[in-house]
Amino acid sequence: MRDAQPRTIYLKDYREPDYLIDRTQLRFELAEESTVVDSVLTLRRNPNAEPGPAELTLHGTELELLALEIDGQPVAQERRRISGETLHIEGVPDAFTLSCRTQIRPQENTSLEGLYKSSGMFCTQCEAEGFRKITYYLDRPDVMSEFEVEIVAERSRYPVLLSNGNLTVAEELEDGRHRTVWHDPFPKPAYLFALVAGDLSRVSDCFTTCSGREVDLHIYVEDKDLDKCDHAMTSLKNAMRWDEKVYGREYDLDIFNIVAVDDFNMGAMENKSLNIFNTSCVLAKPETTTDLGFQRVEGVVAHEYFHNWSGNRVTCRDWFQLSLKEGFTVFRDAQFSSDMGSATVKRVEDVSLLRTAQFAEDAGPMAHPIRPDSFIEISNFYTVTIYEKGAEVVRMLHTLLGPEDFRRGSDLYFERHDGQAVTCEDFVKAMEDASGRDLGQFRLWYSQAGTPRLKVAGYYDADSETYTLTVQQQCPPTPGQAEKAPMHIPLAVALLGEAGALRLELDGTPADPETSDNTQMVLDVTESEQRFVFNNIKEEPVPSLLRGFSAPVKLDYDYSRQQLLRLMRSDSDGFCRWDASQVLGVAEIRRAMTADADSYQVSEDLVDAFRALLSDDSLDKAMVALTLQLPSEAYLAEVIEPVDVHGIYRAREAVRYALAESLRDVLMACYRANTSDEVYRPEADQIAQRSLKNTALAYLMLCDDDECQGLAKAQFDSSQNMTDRLSALTALVHNLHPYHTEALWRFYQDWQHEPLVVNQWFQVQATNRQPGTLETVKELMAHPAFDIRNPNKVRALIGAFCAQNTVNFHQSDGAAYQFLADQVKQLDRSNPQIASRLLVPLTKWRKYLPGAQTLMKDALNSIMAVPELSSDVFEVVSKSLQE
Ligand code: B3K
Ligand code: ZN
């Protein structure tokens, strides 16, 4: 359904609902042609609502209304009116029962929102506003209701019938059908409702909570996937235990179900006790899943489980508060993943995502604060800003308050607001009340968009033995926010002396004898310009700044090369060590960009530093791997503007080739030393080893001697796990190795029955930087395994090509821009959410060289010219074309 005139919704217009729904009874009769939904809602006027007419306005879209009664009496046509997405009923009593019968067609629902079919099963996705595609309702998160759900369906096709809460009835009906009834005792908003009906098998386990309650755990999948559930189950139990230990949060029902579906717009959904997952975020086994895939399953299973408290028990008042649950829950899952694996690696991965995708969003036409002031389509706001920057804001609170006060704050938040729909302000207030800290200025992080830039300078005065850091902050304008006020930025620092980090004594702050680690300090940066003086500094130090990436900001400090090499070698903060290598990498690539192709010589000191990393067995292998990987093209596009995509790519390749050549022998030794025939485990030590080995392989494939060129083929032919096999395939394909065509063919033959592996096969080809990839992508779209209705396939082929394969996406004739525009136009008719996400690379047109800008705008304008665009695509295209 297209919206005639997409309307902007403002946070400032928030009003409490006029009516509340105490009880929601639903009955679904699922059938092949259509589904009939009966609802009985127990409504009453909200005592807090503003006075107004006795008129009820319900949300509903794409529904066929079959019957409508109030307290058992049909509602006359003159009293009711359907317009746009609403049903108005006049003259309603203060308390009443509304019975409504609607008919819907899940089989024809390609938007994957509301009730739809995926691989023969019925499933739902209601967040944010999908419930209104099921029945007329107050589809807003501040209306919380107790749900009872009856499902009736043919037993042979749909032996499993699930909804939220506890199973209260399961019985056979006479005509080959059966029914179940589910009751969820916890009042919830409609966006957390879920229903599943299908022919599913399950893996079961149980968990004993800290108070001794037994919880049945089930993962429902297609029968063929039963062998891929163990990792998700282990992750779930680990997450349940962790949340008890770290946050004091116990699970609250006797059952917890996860269902895997193939066609899903997002990663997963936290419906109360019935999480629905994209298969890509739940299924894993060594033969089909990479290390990254295993880690993603662990993280997403934990994320959705953690929502039971941060999202479900305490939910959002309105969708402007989305980061209240998402930012907090991403922070919680990041803490969990750090505890399960390598904390520094997790931090570096998170920062990389933030500094590429989120910083780009914050500098683009869709920039918004983590609590937006307005939106046209809420589905467009499930962004890296809401999620990842939102998590950084919670992390800054954790840094400012310290772990104990932060825990007191979260306890207070959960106790104070259990069962309520609340705001970001309620979260900050709980943190403030529990800690006694003044978070007044800190609140700006919720209302100001844009990435602050910190300019830091250091001055050592040997006579007075003082070291002074001058910190300036500035935040660029973003759409609708020309002026920015200074923010409260926690800046973690240390001063490195010859023999290690120095003891810090900040001028004007009494030294705290209690603190044993006084070599790191969090500075409260609150003004546009501020000076911090450290006393008793006996030698000129190298400052280690923004340790652990203590705030989501850009940092400028004019380090010398020597200082960067020293930080990279000896800073005790793993993030800063890695970051120093990135600064050196950017400098190297910049130099290669300006040098002639023949005259460029790689810097000897960088080669030495990399050699030292490769030769030191005491280092964390995963960090060595990350450090050896040069800054990504996406990150370079953030720091080198205007973005010359081809120049960046050529220069980065030149540096990679030069490093490979200079380090060939030590890379080969590293590759050999990290080759192992241990049985695969998805655990930190092994993951680190594989990561280092495969990083070495990627470099060695750039050397053209037989020994190097033989490695990828041998690894491809012999590897027993998907991490090694896919790395080898990527190395063969991306370097056009003579064996690459056969390897692609063999890979497909081996894995054609595993859709998730086929996605990887599409992705390897879509991200190939060699010329001609656009044509390959178009050909692959006609491959029998491709399906434009399946979001995972679209992301693996079209999404990966447009977002990751920058040299080919930005080919100079603009053909790929037009290709993306065409795909967006087509997808907008079936799945607007996916269409709108896919088009993001075009919206960044302002960053590129003038020729590219014009062609990208042409592509955007051609989308804009389509009549009846969805509100999703309309919002993103129109905002990105605004002057
Ligand atoms: N809360 C869901 C997101 C659903 C988005 C729908 N457009 C997944 C998550 O963040 O856990
Ligand atoms: Zn979430």
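- Residues Ser235 and Glu298 share a closest heavy-atom pair of OG-CA, 3.5 Å.
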> Arg241 and Glu244: salt bridge (Lys or Arg N to Asp or Glu O under 4.0 Å), yes or no, with the steps?
Replying inline: CA-CA 5 Å; Arg241 186 66 68 220; Glu244 290 181 346; 2.9 Å; yes
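- The aromatic ring centroids of Phe256 and Tyr305 lie less than 6.0 Å from each other.
- We find that Asp411 and Arg249 are joined by a salt bridge, their nearest charged nitrogen and carboxylate oxygen being less than 4.0 Å apart.
- Residue Phe207 holds its CZ atom at 8.0 Å from CG of Leu217, rounded to the nearest 0.5 Å.
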> Can Ser836 and Asn380 be said to form a side-chain hydrogen bond (donor to acceptor under 3.5 Å, both in side chains), step by step?
Replying inline: CA-CA 7 Å; Ser836 156; Asn380 285 328; 2.5 Å; yes
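- For the pair Glu146 and His183, the minimum side-chain heavy-atom distance is below 4.5 Å.
- In this structure, Arg347 contributes its side chain and Gly548 its backbone to a donor-acceptor pair below 3.5 Å.
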>> Show, in sequence, the C-alpha distance, side-chain angles and deciding distance for Lys133 and Ser111, and conclude whether the side-chain hydrogen bond (donor to acceptor under 3.5 Å, both in side chains) test is met.
In response: CA-CA 11 Å; Lys133 290 185 164 186; Ser111 68; 2.8 Å; yes
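- A tilted orientation is assigned to the rings of Phe375 and Phe381, their planes being inclined by 30° to 60°.
- At a threshold of 4.0 Å, the pair Glu326-Arg371 does not count as salt-bridged, since none of the basic side-chain nitrogens sits closer than that to a carboxylate oxygen.
- One distance of note links CG of Asp263 with OH of Tyr116; it measures 6.5 Å at 0.5 Å rounding.
- Ring pair His398/Phe406 is perpendicular by interplanar angle, where above 60° counts as perpendicular and below 30° as parallel.
- If you take CD on Gln125 and CG on Asn271, they are separated by 6.5 Å, rounding to the nearest 0.5 Å.
- Cys281 has its side chain within reach of Arg296: a pair of non-hydrogen atoms, C-beta onward, lies under 4.5 Å apart.
- Taking the six-membered ring where the residue is Trp, Phe442 and Trp445 present tilted rings, their angle falling between 30° and 60°.
- Ring-centre distance between Tyr10 and Phe320: not below the 6.0 Å cut-off.
- Glu361 and Lys389 are not joined by a salt bridge, as no carboxylate oxygen comes within less than 4.0 angstrom of a charged side-chain nitrogen.
- Residues Thr279 and Asn792 form a side-chain contact, since some pair of their non-hydrogen atoms from C-beta on lies under 4.5 Å apart.
- Aromatic ring pairs are classed by plane angle as parallel below 30°, tilted from 30° to 60° and perpendicular above 60°; the pair His303 and Tyr387 is parallel.
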>> Assess the residue pair Asn308 and Lys272 against the criterion (side chain to side chain contact (heavy atoms under 4.5 Å, CB included)); give the C-alpha distance rounded to whole Å, side-chain angles, the decisive distance to 0.1 Å, and a yes or no.
In response: CA-CA 7 Å; Asn308 191 52; Lys272 184 78 185 188; 3.0 Å; yes
> Between Asn790 and Asp262, is a side-chain hydrogen bond (donor to acceptor under 3.5 Å, both in side chains) present by the stated rule, with each step listed?
Replying inline: CA-CA 8 Å; Asn790 176 264; Asp262 265 331; 5.4 Å; no
>> One pair to check against side-chain hydrogen bond (donor to acceptor under 3.5 Å, both in side chains): Glu304 and Asn275. What are the steps and the verdict?
In response: CA-CA 7 Å; Glu304 305 310 331; Asn275 286 191; 5.9 Å; no
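- Between Thr423 and Glu425, the side chains place no donor N or O within less than 3.5 Å of an acceptor N or O (distance only, hydrogens not considered).
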>> Please evaluate residues Cys123 and Val259 with respect to the criterion side chain to side chain contact (heavy atoms under 4.5 Å, CB included), reporting the C-alpha separation (whole Å), side-chain torsions for both, the decisive distance (0.1 Å), and the verdict.
In response: CA-CA 9 Å; Cys123 61; Val259 179; over 6 Å; no
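- By the side-chain hydrogen bond (donor to acceptor under 3.5 Å, both in side chains) test, Thr135 pairs with no residue at all, sequence neighbours left out.
- Note that Arg332 lies outside the cation-pi zone of Phe336, set by a 6.0 Å cut-off to the ring centre and a 45° limit from the axis.
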> For Arg317 and Asp426, what are the C-alpha separation, side-chain angles and deciding distance, and is it a salt bridge (Lys or Arg N to Asp or Glu O under 4.0 Å)?
Replying inline: CA-CA 10 Å; Arg317 186 192 74 173; Asp426 292 316; over 6 Å; no
>> Assess the residue pair Tyr19 and Leu138 against the criterion (side chain to side chain contact (heavy atoms under 4.5 Å, CB included)); give the C-alpha distance rounded to whole Å, side-chain angles, the decisive distance to 0.1 Å, and a yes or no.
In response: CA-CA 8 Å; Tyr19 292 87; Leu138 286 170; 4.1 Å; yes
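- Here Asp373 pairs with nothing under the side-chain hydrogen bond (donor to acceptor under 3.5 Å, both in side chains) rule; sequence neighbours left out.
- Remark: Ser118 OG to Leu112 CG distance equals 7.5 Å, nearest 0.5 Å.
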>> Between Met121 and Val196, is the side chain to side chain contact (heavy atoms under 4.5 Å, CB included) condition met? List the steps.
In response: CA-CA 7 Å; Met121 68 193 271; Val196 168; 3.7 Å; yes
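- Across all their heavy atoms, Met233 and Val203 have their closest contact at CE-O, 3.5 Å.
- Here the CG-CD1 distance, from Leu58 to Ile21, works out to 7.0 Å after rounding to the nearest 0.5 Å.
- Of all heavy-atom pairs between Ala190 and Cys126, the closest is O-CB, 3.8 Å.
- Using cut-offs of 30° and 60° for the angle between ring planes, the Trp319 and Tyr382 rings count as tilted.
- Ion pair Asp254/Arg213 flagged as a salt bridge, since at least one NZ, NE, NH1 or NH2 atom sits closer than 4.0 Å to an Asp/Glu carboxylate oxygen.
- Between Phe306 and Trp242, the two ring planes are tilted [angle within 30° to 60°].
- A search for salt bridge (Lys or Arg N to Asp or Glu O under 4.0 Å) contacts involving Arg45 returns nothing, not counting sequence neighbours.
- A salt bridge links Asp227 with Lys285; the closest basic N to acidic carboxylate O contact falls under 4.0 Å.
- Nearest approach of Ser337 to Gly299, heavy atoms of both residues: OG-CA, 4.2 Å.
- Annotation: side chain of Ile255 is in contact with side chain of Asn166 (closest heavy-atom distance under 4.5 Å).
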>> Is there a ring-ring contact (aromatic ring centres under 6.0 Å, His included) between Trp309 and Tyr247? Walk through the geometry before answering.
In response: CA-CA 10 Å; Trp309 275 97; Tyr247 281 86; over 10 Å; no
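- Ring centroid separation for the pair Phe427 and Phe331 does not come in under the 6.0 Å cut-off.
- Salt-bridge annotation for Asp252 and Arg313: present, with a side-chain N of the basic residue lying under 4.0 Å from a carboxylate O of the acidic one.
- The nearest pair of heavy atoms linking Ile370 to Thr385 is CG2-O, 3.5 Å.
- Crowding of Leu167 atom CG: a count of heavy atoms from other residues, nucleotides or ligands under 6.0 Å exceeding 12.
- Annotation: the span from Asn278 atom CG to Met269 atom CE amounts to 14.0 Å, rounded to 0.5 Å.
- Considering every non-hydrogen atom in both Arg407 and Lys245, the closest pair reads NH1-O, 3.9 Å.
- For Arg437, the CZ atom is densely surrounded, since the number of other residues' heavy atoms within 6.0 Å is greater than 12.
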